[in-house]
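Here is the structure we will look at.
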Amino acid sequence: MFATIVVWAGSWVAMKWVVPYIGPFDFVAVRYLSGSAVLFALLAMLRRPLSMPSWGLTLCTGLTQTAAFQFCVQTALVTGAVGTVSLLAYTMPFWVVVFAWALLGDKPGPRHFAGFFLAGAGLVCFIAPWGGMGDIAAVLLAAGGGLCWGLGTVLSKRMFNRHAPDLMTFTAWQMLMGGAASVPVALWAPQAPVQWTWQLGAGMLYIVLIATAAGWLLWLSVVRRVPASIAGLSSLGVPVMATLLAWLMLGERPAAAEIGGMALILAGLWVVSGVGRKPA
């Protein structure tokens with residue numbers, strides 16, 4: 001768990017680091033096409049199944065939790081701070097509740113609504129309307145990234161319920177489809193040209209090999225070994241660690257309102273996760 005938190009928290013700093021050298025659409029294409037290639041190579045070496053699961057759900061998952069999610073957060077990082085963007089992206093569990101209700105029939109209970117109230121108060125602290133709204137575009141993009149990730153998570157749940165695919169195989173295919181779908185956008189959308197520098201090379205090496213390929217393997221290892229509620233709770237350490245790393249490495253010191261907003265959102269996520277609730 002700790003390794004997963006550190007690896008994914010470091011990826012947020014690395015993503016912010018490469019922002020000046022590569023456009024957000026080019027970044028998504030390079031990250032996920034390269035990451036899927038690494039996973040497919042591992043699948044071949046480990047002699048795991050390579051056949052693609054249901055192509056429809058796999059494509060929808062790749063478009064939402066891979067392409068759209070990364071487009072939103074990488075664009076938000078152009079002007080937004082790492083701590084703010086990462087924490088808003090990790091509102092994903094709230095969106096999972098909403099989409100699971102709509103698509104899977106899982107009706108939320110009182111603890112979910114209590115969590116929504118706390119998280120909403122935290123989002124208000126981040127947006128800080130009393131200070132002129134701040135960088136509202138970055139806030140909305142980051143929250144939109146969490147929404148896309150939440151939808152992709154529910155689509156993944158439907159995939160596992162209906163087809164029970166191999167975890168690594170499904171991850172590789174949805175990454176490939178999300179990366180492939182981003183190529184036309186990267187080619188046609190206006191963005192700054194790629195600057196091939198050592199900073200970009202080092203950042204992408206970390207993001208592709210460690211954060212994308214190894215990070216997913218670490219996460220799947222955690223999911224296999226502990227209950228889902230504990231695994232979900234462990235992910236909440238990522239934006240907190242990312243904020244601390246950005247403070248130390250990028251000088252992005254969070255304001256008092258942002259610290260308060262972080263505390264409220266984490267409290268809301270804790271309530272929604274049902275930690276400490278006895279099983280029925």
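These values consider heavy atoms only, across backbone and side chains, with no hydrogens, waters or symmetry-generated copies. This structure is a prediction, so every number in the text was calculated from the model and none was measured.
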Full working for side-chain hydrogen bond (donor to acceptor under 3.5 Å, both in side chains) between Thr197 and Gln195
CA-CA 6 Å; Thr197 63; Gln195 301 179 40; over 6 Å; no
Heavy-atom pair of closest approach, residues Trp12 and Leu77:
CE3-CD1, 4.2 Å
Sub-4.5 Å side-chain heavy-atom contact between Trp8 and Ser86:
no
Identify the heavy atoms of Phe71 and Val28 that sit nearest to each other, and give their distance.
CD2-CG2, 3.3 Å
Compare all side-chain heavy atoms of Leu167 with those of Phe160 and state whether any distance is below 4.5 angstrom.
yes
What is the minimum heavy-atom distance between Val183 and Ala29, and which atoms define it?
CG2-CB, 4.3 Å
Search all heavy atoms of Ala142 against all heavy atoms of Ala76 and return the closest pair with its distance.
N-CB, 4.0 Å
side-chain hydrogen bond (donor to acceptor under 3.5 Å, both in side chains) against Thr4, all qualifying residues, sequence neighbours excluded:
none
Looking only at heavy atoms, the pair that brings Ile207 and Phe27 closest together is CD1-CE1, 3.6 Å
Residue list, side-chain hydrogen bond (donor to acceptor under 3.5 Å, both in side chains) with Thr79, at least two apart or on another chain
Asp135
For residues Phe40 and Trp173, establish whether the separation of their ring centroids is below 6.0 Å.
yes
Is there a side-chain contact between Leu151 and Leu103, using heavy atoms and a 4.5 Å cut-off?
yes
Under 4.5 Å between any side-chain heavy atoms of Leu33 and Leu176, yes or no?
yes
Looking only at heavy atoms, which two atoms of Ala246 and Val13 are closest? And how far apart?
N-CG2, 4.0 Å
Measuring only between side-chain heavy atoms, which start at C-beta, is Phe25 closer than 4.5 Å to Ser182?
no
Partners passing side-chain hydrogen bond (donor to acceptor under 3.5 Å, both in side chains) against Thr66 (at least two apart in sequence or in another chain):
Gln174
How about CZ on Phe2, more than 12 heavy atoms from neighbouring residues, nucleotides or ligands closer than 6.0 Å, or not?
no
Main chain of Arg31, side chain of Ser34: is a donor-acceptor contact present, judged purely on distance under 3.5 Å?
no
Taking C-beta and beyond as the side chain, do Leu200 and Val194 meet within less than 4.5 Å on heavy atoms?
yes
Exam field: side chain Tyr32 to backbone Met177, donor-acceptor pair closer than 3.5 Å
no
Sequence neighbours excluded, which residues qualify as side-chain hydrogen bond (donor to acceptor under 3.5 Å, both in side chains) partners of Thr169?
Asp166
Under the 4.5 Å side-chain heavy-atom rule for ILVMFWY, direct or indirect, which residues accompany Trp198?
Trp17
Extract all donor-acceptor atom pairs below 3.5 Å that involve side chains of residues 50-60 and protein atoms in other chains or at least two apart in sequence.
residue : atom : partner : partner atom : Å
Thr58   : OG1  : Ser54   : O            : 2.6

Looking at side-chain heavy atoms only, is the closest gap between Gln191 and Val185 below 4.5 Å?
no
In sequence, state the C-alpha distance, the side-chain angles, and the governing distance for Met15 and Val85, and then conclude on side-chain contact (heavy atoms from CB on, under 4.5 Å).
CA-CA 11 Å; Met15 287 190 293; Val85 175; over 6 Å; no
pair Glu252-Trp247: side-chain heavy atoms closer than 4.5 Å:
no
